[in-house]
Amino acid sequence: MTVSSTVRVRPATLIDVAVMAEIEVVAFSDPWPASAFRDLLSASHARITVAVDAHDLAVGYCVVLQAADEAEIANIAVAQARRAQGIAGRLLDLALKEASISGVTTVYLEVRLSNTSARALYLSRGFRQVGRRAAYYRFPTEDALVLRRDQPAMQ
Ligand SMILES: CC(C)(COP(=O)(O)OP(=O)(O)OC[C@H]1O[C@@H](n2cnc3c(N)ncnc32)[C@H](O)[C@@H]1OP(=O)(O)O)[C@@H](O)C(=O)NCCC(=O)NCCS
């Protein structure tokens with residue numbers, strides 16, 4: 001998969017919230033409201049990155065929360081029409097690199113058991129299963145796998 005050359009990655013701003021919320025509603029059965037993105041944009045422990053098209057419209061995003069030397073990939077999604085083009089991989093690679101620069105040594109995330117595309121994405125980036133939370137998700141109820149990635153030492 002290759003990322004279309006028209007896609008750029010930049011920090012999200014308030015202007016992106018409406019489009020991120022539109023992508024979110026299609027991507028998840030229990031979506032975050034727009035207010036969640038808005039609130040996190042001004043939170044010092046959160047970093048939201050967007051992939052944007054040639055018109056500077058968001059086509060994907062990644063939300064990272066950091067506490068000391070640990071971080072969580074709290075959300076990542078790509079607009080349906082732009083999937084399988086390497087966009088999530090690019091967002092995740094950047095998030096992991098920025099986390100390392102910020103002193104993060106361990107990154108966690110949760111993923112639905114049935115979410116094979118997301119699990120393949122995380123596996124390809126070195127995440128490994130370290131736990132399982134029973135009935136963690138709703139709509140439908142489903143277990144979450146807890147994945148962890150130990151960040152490689154900075155060169
Ligand atoms: C999961 C999701 C973010 C992947 O986005 P994407 O832009 O299509 O992913 P990419 O094209 O960057 O793929 C990256 C890697 O993920 C894997 N992958 C992605 N989609 C896949 C699929 N449908 N089947 C198998 N592997 C897949 C591949 O390993 C790929 O690696 P490669 O580049 O070496 O081939 C996207 O499907 C999505 O938005 N899903 C709905 C929201 C969601 O489930 N988010 C995750 C919540 S935990």
Side-chain angles (χ1 to χ4, degrees), residues 1-12 16-41 45-67 70-100 104 106-152:
M1 290 186 221
T2 52
V3 184
S4 157
S5 58
T6 56
V7 172
R8 285 187 308 121
V9 173
R10 62 163 171 76
D16 302 306
V17 167
V19 179
M20 288 194 289
E22 279 174 25
I23 295 171
E24 175 84 6
V25 169
V26 176
F28 296 102
S29 55
D30 190 12
W32 286 13
S35 59
F37 291 100
R38 206 175 297 121
D39 292 349
L40 286 174
L41 277 173
H45 69 295
R47 184 182 295 120
I48 308 182
T49 305
V50 278
V52 295
D53 66 12
H55 306 287
D56 204 39
L57 275 181
V59 295
Y61 50 84
C62 180
V63 181
V64 180
L65 307 180
Q66 183 174 347
E70 290 189 359
E72 177 190 356
I73 307 295
N75 198 342
I76 184 166
V78 171
Q80 216 156 24
R82 301 303 302 261
R83 290 185 190 164
Q85 297 172 19
I87 294 173
R90 186 161 154 193
L91 283 166
L92 188 55
D93 289 343
L94 181 66
L96 294 171
K97 188 174 164 193
E98 288 182 341
S100 276
V104 167
T106 313
V107 182
Y108 291 93
L109 61 84
E110 280 121 14
V111 59
R112 274 185 189 269
L113 184 63
S114 65
N115 194 344
T116 48
S117 51
R119 287 176 62 183
L121 166 68
Y122 301 137
L123 189 67
S124 75
R125 264 60 185 187
F127 284 87
R128 297 292 175 258
Q129 185 181 338
V130 292
R132 182 166 172 156
R133 301 194 208 284
Y136 179 83
Y137 291 106
R138 51 183 196 161
F139 311 134
T141 301
E142 188 175 0
D143 290 3
L145 301 183
V146 182
L147 307 188
R148 168 178 151 166
R149 179 187 196 260
D150 294 320
Q151 296 280 86

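In this chain, numbering begins with 1 at the start of the sequence shown. Counting starts at 1 for both ligands and their atoms, following the listed order.
- Counting heavy atoms closer than 4.0 Å to ligand 1, residue Asn115 contributes side-chain atoms (C-beta onward) but none from N, CA, C or O.
- The distance from ligand 1 to the heavy atoms of Gly89 drops below 4.0 Å at these ligand atoms: 12 (O).
- Contact between Val7 and Ala51 at its shortest, heavy atoms only, is CG1-CB, 3.8 Å.
- A distance of 5.0 Å separates CG of Leu92 from CD1 of Ile76, quoted to the nearest 0.5 Å.
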Test side chain to side chain contact (heavy atoms under 4.5 Å, CB included) applied to Arg125 and Leu121, step by step: CA-CA 7 Å; Arg125 264 60 185 187; Leu121 166 68; 4.3 Å; yes
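- Within the structure, the side chain to side chain donor-acceptor pair (under 3.5 Å) test picks out no pair touching residues 31-40 (sequence neighbours left out).
- Neither the backbone nor the side chain of Arg112 comes within 4.0 Å of ligand 1, counting heavy atoms alone.
- Against a heavy-atom cut-off of under 4.0 Å, Ala84 is close to the following atoms of ligand 1: 6 (P), 8 (O), 11 (O).
- Electrostatic pairing of Asp56 and Arg10 counts as a salt bridge here, judged by a charged N lying under 4.0 Å from a carboxylate O.
- Remark: among candidates Ala74, Ala120, Ala79, Ala118, the nearest residue to atom 1 (C) of ligand 1 is Ala118, based on non-hydrogen atoms.
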Verdict with reasoning, Asn75 to Glu24, per side-chain hydrogen bond (donor to acceptor under 3.5 Å, both in side chains): CA-CA 9 Å; Asn75 198 342; Glu24 175 84 6; 3.0 Å; yes
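- In the vicinity of Gln85, heavy-atom distances shorter than 4.0 Å reach the ligand 1 atoms 11 (O).
- Using a 4.0 Å cut-off between heavy atoms, Glu110 contacts ligand 1 through its backbone alone, with no side-chain atom that close.
- Heavy-atom proximity to atom 40 (N) of ligand 1, evaluated over Glu24, Arg119, Arg90, Arg83, is greatest for Arg83.
- Taking Tyr61 as the reference, Phe37 meet the ring-ring contact (aromatic ring centres under 6.0 Å, His included) condition, with sequence neighbours excluded.
- Using a 4.0 Å cut-off between charged side-chain N and carboxylate O, Arg82 and Asp53 make no salt bridge.
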Chi angles and distances behind the salt bridge (charged side-chain N to carboxylate O under 4.0 Å, His left out) call for Arg133, Asp143: CA-CA 6 Å; Arg133 301 194 208 284; Asp143 290 3; over 6 Å; no
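- Contacts between Ala27 and ligand 1 below 4.0 angstrom, taking non-hydrogen atoms only, involve backbone and side chain alike.
- Residue contacts with ligand 1, taken as heavy atom pairs separated by less than 4.0 Å, do not involve Tyr137 at all.
- For atom 5 (O) of ligand 1, the nearest non-hydrogen atom from the set Ala88, Ala144, Ser117, Ser124 belongs to Ala88.
- Shown in contact with Ala77 at under 4.0 Å from a heavy atom are these atoms of ligand 1, numbered in order with element: 39 (O).
- In the candidate list Val78, Ile73, Leu121, Leu121 is nearest to atom 14 (C) of ligand 1, counting heavy atoms.
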